[in-house]
Amino acid sequence: MHDEPRWSAGLDESQREAVEHDGGPLLIVAGAGTGKTRTLVARLARLISGGTAPERLLLVTFSRRAADEMIRRLAPLVGPEVARRVHAGTFHSVAHRLLRQHGEALGLGAGFSVMDQGDAADLMHLVRQEVGEGERRRFPRKDTLVAVYSRVVNAQEPLRPVLRRHFPWVQEHEAAIGQVFSLYTERKRAQGVLDFDDMLLYWRAAATDPQVGPVLAAAYDHILVDEYQDTNVLQADIVAALRAGARPLTAVGDDAQSIYAFRAATVRNMLDFPDRFPGATVVKLERNYRSTQPILDLANTVLAQATEGYAKHLWTERVGGLRPVLATCPDEASQADAVADVILEHHEAGVALRDQAVLFRTAHHSDLLEVELRRRNIPFVKYGGLRFLEAAHVRDLIAALRVLDNPRDELAWYRLLQLLDGVGPAGARRAMEAMGVGEGEGLGRFVDGAAGLVPARAANDAERLAAALRDCVTSALAAGAQVERLAAGLEPMIRRRYENADVRLRDLEALARVAGGFEDRSRMVAELTLDPPASTADLAGPPLLDDDYVILSTVHSAKGGEWRVVHLIHAADGMFPSDMSTGSREEIEEERRLFYVALTRACEHLHIYAPLRYHHGGPFGRGDAHSYGQRTRFLPPSVEDLLDHRAVRGRRDDVALPALSAALPSAVDDALRGLW
DNA sequence: CTATTAGATGTTTTT
DNA sequence: CATCTAATAG
């Protein structure tokens, strides 16, 4: 028999069609669990075996995790060395690489630093204070400002309609918000700082430039974009520009799984693909390799209620399988109880904890469950929600690193200086003025005379920090060692400022370990901000990875994942769909797709939990205030037959007591009588 | 001008 | 719960 190329082994008919397609633009509409990654990887392997140099392949994915996974799976097909040469990453990280490499040519100057969302919020906060005093009443908070800004940029839509449609509660401040945005962009420019959105803006500007654009486009022979349904107009523009000259283009996505509209992603990129790229071929993958048919039946039915999209019907050849279970729980506490019980049942039946995931709409939905899991010593790792790099002390250390890279970074100085005792906003400004931060003199002058810049009581700490910074500049320390050095320099300040300093200092040690994996410091800071560790496990390193633990994840962060057992909690209206997103039809449709994403993560067992009653006044409040939850609208009565129903009993049964014959207090009095 | 505290207040999802 | 404001003491 003739040798079949290694990449083609085990592909089904549609997958093969997608892998072998040649010529015009290709759109692969890949339903959940239909072997999208395998197809994309096989296509990469085929291109490489056909003679395309791996570094001339651009693979854009949604997250670093996804990129790593593809390269990992490509390795056995073409060899690890070759696989690693493929240009793979998120839009943001690829843009960053480009800007670092050609910063000078593109007019960015040598040392620019990258701001994450928290930094952007801080800068918004600063410039907000400089805008009209009269606007102070109920002015949007800094995070809202960042959200609005980001939406405006990524959707390329003017402020007014964005406010009207997505942020109506701050509409009245339109003029002032505009001013804040102008100041914000000015400041970034002056300080040599780029935010996330700038990565895309600069990349697009370069790619569409008549001189530079063609050179960039010529760098690649083939462009492949994953999760195309979650790209926005900026990203689509970049793709279009890069493929100038009808370079081959492959886009993969599932419109039914588009869940990032809040970030200005638009399914239109997918639906309009054939129009934008004439001659496009569309290949659909519908055969599912992940889930059992009963799970797919439910998912299909839920999706059938949606109003728009490529028609889709997932099917599998796998026979058998259990119906999804809908567990109705009296309240949240019994839900947590029930989840823990079922996790353990599966565990005893031989399913490892790491093959089970608990999914929910918003990060805090797992609060109560986390308490319960801890109580029962069930290990878990949480994805999504508050992340490591958002913790104040970690950001303090990052600020120190940023100052080294870009001494003009006012925001970082501002933060760093205020850690010193007796230095507040005004003192920090004064010191920065004296240091000549704006002129780029800040680092040198701080290192030379830190003590003179701050109040006497802070002199020691300032000198200590200055010494640490000096070490990082003058000696050729590795990135990890520099982090350690800076952590030591900051230690007294961290001890003074935060309650649980020991825990926080240990976090910084963890950061130093992560830093150890990088060769150069500026790269480390940028990569860490662009692609922060998504969970506590990502930081903990190998020792923890040997352990078995349950995954807790927001549905958004669970994208692309699959588990043998999935527990979907809080399937109640107001929670899922979130009551923040029930304002418009579009929002509800997005919530529906999100729900669909959650269902389709399950391979063998799907458990859905719906609490009937919600207590108010905090999860541990003792108040009796509660409200009744309605089962999520995404599971209407018409799906009844696709589910197994189960009623969970409350831990403390609410039994009705017969009225007491005598009043309780008198019985208590009797018991005490004569004791003193 | 900074530090600290008390009290009010507030849309979620992430590169 | 975290963040922001106002008020107050050092």
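Chain identifiers are assigned alphabetically (A, B, ...) following the order of the sequence lines, protein sequences preceding nucleic acid strands; residue numbering begins at 1 within each chain. This structure is a prediction, so every number in the text was calculated from the model and none was measured.
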Student: Answer yes if the ring centres of His570(A) and Tyr609(A) are under 6.0 angstrom apart, and no otherwise.
Tutor: no
Student: Who are the side-chain hydrogen bond (donor to acceptor under 3.5 Å, both in side chains) partners of Tyr596(A), not counting sequence neighbours?
Tutor: none
Student: What is the separation between atom CZ on Arg263(A) and atom P on dT14(B), rounded to the nearest whole Å?
Tutor: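 Rounding to the nearest Å, CZ of Arg263(A) and P of dT14(B) are 9 Å apart.
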Student: Rounded off to whole Å, could you give me the CG-to-P distance for the Leu234(A) and dT15(B) pair?
Tutor: 17 Å
Student: With stacking defined as ring centroids separated by under 5.5 Å and planes differing by under 30°, is Phe196(A) stacked against dT15(B)?
Tutor: no
Student: What is the separation between atom CG on Asn154(A) and atom P on dT15(B), rounded to the nearest whole Å?
Tutor: 13 Å
Student: Under the rule for side-chain hydrogen bond (donor to acceptor under 3.5 Å, both in side chains), what residues qualify as partners of Thr90(A), not counting sequence neighbours?
Tutor: Ser93(A)
Student: Whole-Å distance between dT12(B) P and Glu390(A) CD?
Tutor: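 From Glu390(A) CD to dT12(B) P: 13 Å.
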Student: Does any pair with a residue in residues 588-597 of chain A pass salt bridge (Lys or Arg N to Asp or Glu O under 4.0 Å), and if so which ones, sequence neighbours excluded?
Tutor: Arg361(A)-Glu591(A), Glu589(A)-Arg592(A), Glu590(A)-Arg593(A)
Student: Classify Thr90(A) by what it touches in the nucleic acid, base, sugar-phosphate, or nothing, heavy-atom distance under 4.0 Å.
Tutor: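 Contact class for Thr90(A): sugar-phosphate only.
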Student: Given dT14(B), dT13(B), dC4(C), which nucleotide is nearest the side-chain atoms of Arg141(A)?
Tutor: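 From the listed options, dC4(C) comes nearest.
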Student: Between dT11(B) and Ser581(A), is there an OP1 or OP2 to side-chain N/O distance shorter than 4.0 Å?
Tutor: no
Student: Where each residue is assigned the nucleotide of DNA chain B containing its nearest heavy atom, which of Gly427(A) and Leu594(A) is assigned the position nearer the 5′ end?
Tutor: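 On the 5' side of the pair lies Gly427(A).
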Student: Could you please name the option among dT11(B), dT3(C), dT15(B) that lies closest to any side-chain atom of Gln117(A)?
Tutor: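 Minimum distance to the Gln117(A) side chain belongs to dT15(B).
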Student: Does one side chain, of Asp195(A) or Tyr184(A), offer a donor that lies under 3.5 Å from an acceptor on the other?
Tutor: yes
Student: Rounded to whole Å, how long is the line connecting atom CG of Asn232(A) with atom P of dT13(B)?
Tutor: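 Spelled out: CG on Asn232(A) to P on dT13(B) is 20 Å.
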Student: What's Phe167(A) touching, base or sugar-phosphate or nothing? Going by heavy atoms closer than 4.0 Å.
Tutor: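 The answer is nothing, as Phe167(A) stays clear of every strand by at least 4.0 Å.
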Student: For residues 414-423 of chain A, pull every pair meeting salt bridge (Lys or Arg N to Asp or Glu O under 4.0 Å), keeping only residues two or more places apart or in separate chains.
Tutor: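 Sorted pair list: Asp122(A)-Arg415(A), Asp396(A)-Arg415(A), Asp421(A)-Arg457(A), Asp421(A)-Arg496(A).
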Student: Does dT14(B) have OP1 or OP2 under 4.0 Å away from a side-chain N or O of Thr554(A)?
Tutor: yes
Student: Return the value, rounded to whole Å, for the distance between atom NE2 of His556(A) and atom C1' of dT12(B).
Tutor: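 His556(A) atom NE2 is separated from dT12(B) atom C1' by 8 Å.
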Student: Looking at the side chain of Ala426(A), which of dT2(B), dT12(B), dT14(B) is the nearest nucleotide?
Tutor: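 So the nucleotide nearest the side chain must be dT2(B).
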Student: Tell me which nucleotide among dC4(C), dC1(B), dT14(B) gets nearest to the side chain of Lys142(A).
Tutor: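 Closest nucleotide to the Lys142(A) side chain: dC4(C).
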Student: With His556(A), which residues qualify under ring-ring contact (aromatic ring centres under 6.0 Å, His included), at least two apart?
Tutor: Tyr260(A), Phe262(A)
Student: Would you please indicate yes or no on a ring centroid separation below 6.0 angstrom for Phe273(A) and Tyr228(A)?
Tutor: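 Distance test on ring centres: under 6.0 Å, yes.
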Student: When all nucleic acid strands are considered with a 4.0 Å heavy-atom cut-off, which category describes Arg64(A): base, sugar-phosphate, or nothing?
Tutor: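 Counting heavy atoms under 4.0 Å across all strands, no contact is made by Arg64(A).
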Student: What integer distance in Å separates Arg151(A):CZ from dT13(B):P?
Tutor: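 One finds 16 Å between P of dT13(B) and CZ of Arg151(A), rounded.
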Student: Return the value, rounded to whole Å, for the distance between atom CD of Glu586(A) and atom P of dT12(B).
Tutor: 21 Å
Student: Hey, does Phe91(A) reach any base, or is it just sugar-phosphate, or nothing, if we go heavy atoms under 4.0 Å?
Tutor: nothing
Student: Name the pairs: protein N/O against N/O of nucleotides 3-8 of chain B, kept only if under 3.5 Å.
Tutor:
from: dA3(B); atom 1: OP1; to: Gly422(A); atom 2: N; distance (Å): 2.5

